[in-house]
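Since the structure is predicted, the reported quantities are computational estimates derived from the model, not experimental observations.
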Amino acid sequence: MVTASSDKHVAERATNLPTAGRAGALIAVLAALTAVAPLAIDMYVPGFPSMGQSLGTTSSAVQLTMTAFLAGLVVGQVLLGPVSDAIGRRGLLIGGSAGFAVVSVLCALAPNVELLTAARFLHGVAGAVGMVLARAVLTDLFHGPALPRYFALLAQITGIAPIVAPVIGGAILAVSTWRAVFAALAVVGVLLLVSVLAKVPESLPRERRRSDGLGGTFRAMGRLAADRSFLGYVLVLAFASAAMFTYIAGSSFVFESIHGVSATAYSVIFACNALGMLVASSVFGRLAGRVGLTRLLTVGVGILTVGAAGQVVVRLVAGETMAGTLATLFLTLVGVGVIFPATMTIGQTLGRGAPGAASALLGGLQFLAGALVSPLVGLFGDASSLPMATIMLGAALLTVAALVVMARPGRGLGEPVPVRG
């Protein structure tokens, strides 16, 4: 059985909610904290080919810098999420934002791909703080039917990052080098630090922190990981993320090397696909109060699988076609746009007794999957889109298996309900 908070603690949250105006500002900052990782990934993706030339290295080595960042995100979330259940959220958020700014400067100054890869790992650890704790803060302060709406809103605002990031990255690359991208990320880190100091209060007061210390927080994580339904939703999120990160790692080579588009044109394509994710999460937010979350999640998994399968079929039947690649990738990412807020809401609801630990498992496995699959595309070279399409389809089929065999959505677990009293 998953760990659950008492009705008393949930009721306490209900009496201590931010006002509408403060909630809006808080959600905006939390979304920015969550969006910093996609920014740190997507802003430099258009420069992958030029980075390889600049650093005198291979496409696989360049993609390894993304893998290092994703690995840092995993380590940071798995360690710091549970820690925050014991010591609180605000101090860690301040330190993470400051660290992100500092390490961004180190990335900009890296003289070779080896040092850049090491710096990107630290970059990921710092970026993980905002990502894992934003979800925990939401779970601290909100409950019931409001929770999926706020997670959907968080996903929508966060979804802007993949839209604007490659466009900004492409614009920077048009006038400067990839190093300027990391300089811009340093500025983002400073702005985040100022925003956290001004707008994010401590959401976990001392009396609600775990009294059994750090050991107890990690034991709570172990209990969550042992719950079949919770782990099923974690795996659904992880495998869907694997499909998305395969796309992120391989699409610049597919479009720029195979289809011959410019870095700027690729940025626009990437932004359009991200817009599909944004619209999908917006639709989820509108339907969440009227349609069961597990039903919406099942639909999202179906869309993901159809899009990934279509990508392989189009490539095998029609060859390397720009229209076919664009259409199937867009459909795949629409499915991801539904899956992300649905699994986050259900998972955090199931693990509401230890929000930091639940967030760590959800986010940690999500980016671990991304770290594992990202280098695979580069190993097959950049002469065909079939490796990327095949890996995405495999991830989609694993998503289906995790949903059906582990999560078992028909049981209806994790549906937020109003709290009495």
Table please: side-chain donor-acceptor pairs of residues 292-300 below 3.5 Å, with sequence neighbours left out.
from: Thr294; atom 1: OG1; to: Glu415; atom 2: OE2; distance (Å): 3.1
from: Thr298; atom 1: OG1; to: Thr294; atom 2: O; distance (Å): 2.8

Exercise. Is there a donor-acceptor contact under 3.5 Å from the side chain of Ser97 to the main chain of Ile94?
Worked result: no

Exercise. Would you say Thr328's side chain and Gly307's backbone share a donor-acceptor pair under 3.5 angstrom?
Worked result: no

Exercise. Any side-chain donor-acceptor pair under 3.5 Å between Thr390 and Arg315?
Worked result: no

Exercise. Do Val405 and Arg228 have side chains that get closer than 4.5 Å, going by heavy atoms?
Worked result: yes

Exercise. Is there a side-chain contact between Leu55 and Trp178, using heavy atoms and a 4.5 Å cut-off?
Worked result: yes

Exercise. Side chains of Leu393 and Gln311: does their closest heavy-atom pair fall under 4.5 Å?
Worked result: no

Exercise. Which atom pair, heavy atoms only, marks the closest approach of Arg90 to Leu197?
Worked result: NH2-O, 3.4 Å

Exercise. Is the backbone N or O of Pro355 less than 3.5 Å from a side-chain atom of Ser359, with the two atoms forming a donor-acceptor pair by type?
Worked result: no

Exercise. What is the distance from atom CG of Leu362 to atom CD of Gln366, rounded to the nearest 0.5 Å?
Worked result: 8.0 Å

Problem set entry | Leu133 side chain reached by Leu80 side chain, heavy atoms, under 4.5 Å | no

For this session: Would you please classify the geometry between the His123 ring and the Phe100 ring as parallel, tilted or perpendicular, with 30° and 60° separating the classes?
Result: parallel

Exercise. So which of Leu304, Ile303, Asn273, Leu275 actually passes side chain to side chain contact (heavy atoms under 4.5 Å, CB included) with Val334?
Worked result: Ile303

Problem set entry | Distance, nearest 0.5 Å, that separates CG of Leu350 from CG of Leu361 | 12.0 Å

For this session: Kindly indicate, with the supporting measurements, whether the criterion side chain to side chain contact (heavy atoms under 4.5 Å, CB included) is fulfilled by Leu235 and Leu231.
Result: CA-CA 6 Å; Leu235 291 176; Leu231 182 59; 4.3 Å; yes

Exercise. Got a donor-acceptor contact below 3.5 angstrom from the Thr139 side chain to the Arg135 backbone?
Worked result: yes

For this session: Working to the nearest 0.5 Å, report the span between CG of Leu39 and OG1 of Thr34.
Result: 11.0 Å

Problem set entry | Thr343 and its side chain to side chain contact (heavy atoms under 4.5 Å, CB included) partner, picked from Thr345, Ile346, Ile339 | Ile339

For this session: Kindly confirm or rule out a cation-pi arrangement of Arg223 over Phe230, judged by NZ or CZ under 6.0 Å from the six-membered ring centre and within 45° of its axis?
Result: no

For this session: Looking only at non-hydrogen atoms, find the nearest pair between Ser203 and Pro205 and report the distance.
Result: O-CD, 3.4 Å

Exercise. Do the rings of Phe255 and His259 sit parallel, tilted or perpendicular, given the 30° and 60° boundaries?
Worked result: tilted

For this session: Run the numbers on Leu365 and Leu237 for side chain to side chain contact (heavy atoms under 4.5 Å, CB included), then give the verdict.
Result: CA-CA 8 Å; Leu365 269 272; Leu237 179 62; over 6 Å; no

Problem set entry | Taking every non-hydrogen atom, the tightest pair across Ala308 and Thr332 | N-OG1, 3.2 Å

Problem set entry | Side-chain touch Val75/Leu79, heavy atoms, less than 4.5 angstrom | yes

Exercise. Between Arg411 and Ser229, which heavy-atom pair has the shortest distance, and what is it?
Worked result: NH1-OG, 3.3 Å

Seminar exercise, completed: Of all heavy-atom pairs linking Ile87 and Arg209, the shortest is O-NH1, 3.1 Å

For this session: Answer whether the closest heavy-atom distance between the side chains of Ile248 and Met244 falls below 4.5 Å.
Result: yes

Exercise. What is the distance from atom CG of Leu122 to atom OG of Ser104, rounded to the nearest 0.5 Å?
Worked result: 11.0 Å

Exercise. Which pair of non-hydrogen atoms, one from Ala354 and one from Ala220, has the smallest distance, and what is that distance?
Worked result: CB-CB, 4.0 Å

For this session: Mark yes or no for whether Gln77, through its side chain, and Met131, through its backbone, hold a donor-acceptor pair below 3.5 Å.
Result: no

For this session: Kindly indicate, with the supporting measurements, whether the criterion side chain to side chain contact (heavy atoms under 4.5 Å, CB included) is fulfilled by Ile41 and Leu70.
Result: CA-CA 9 Å; Ile41 295 170; Leu70 296 176; 3.8 Å; yes

Problem set entry | pair Gln63-Thr58: side-chain heavy atoms closer than 4.5 Å | no

For this session: May I ask you to decide if Ala357's main-chain N or O and Asp85's side chain share a donor-acceptor pair within less than 3.5 Å?
Result: yes

Exercise. Stepwise, does the side chain to side chain contact (heavy atoms under 4.5 Å, CB included) test hold for Met51 with Leu116?
Worked result: CA-CA 11 Å; Met51 281 182 68; Leu116 176 61; 3.5 Å; yes

Problem set entry | Atom pair CZ (Phe253) and OG (Ser385), whose distance is rounded to the nearest 0.5 Å | 14.5 Å

Exercise. Between Tyr44 and Met66, is there a donor-acceptor pair closer than 3.5 Å when you use the side chain of the first and the backbone of the second?
Worked result: yes

For this session: State whether Arg89 and Glu202 are salt-bridged, where the test is any N-O pair (Lys NZ or Arg NE/NH1/NH2 against Asp/Glu carboxylate O) under 4.0 Å.
Result: no

Exercise. Is the distance between the ring centroids of Phe69 and Phe121 under 6.0 Å?
Worked result: no

Problem set entry | Aromatic contact, Tyr247 with Phe270 (centres under 6.0 Å) | yes

Exercise. Between atom CG of Leu185 and atom CG of Leu192, what is the distance when rounded to the nearest 0.5 Å?
Worked result: 10.0 Å

Exercise. With no hydrogens and no angle check, is any side-chain donor or acceptor of Arg286 less than 3.5 Å from a backbone partner on Ser281?
Worked result: no

Problem set entry | Leu26 side chain reached by Leu138 side chain, heavy atoms, under 4.5 Å | no

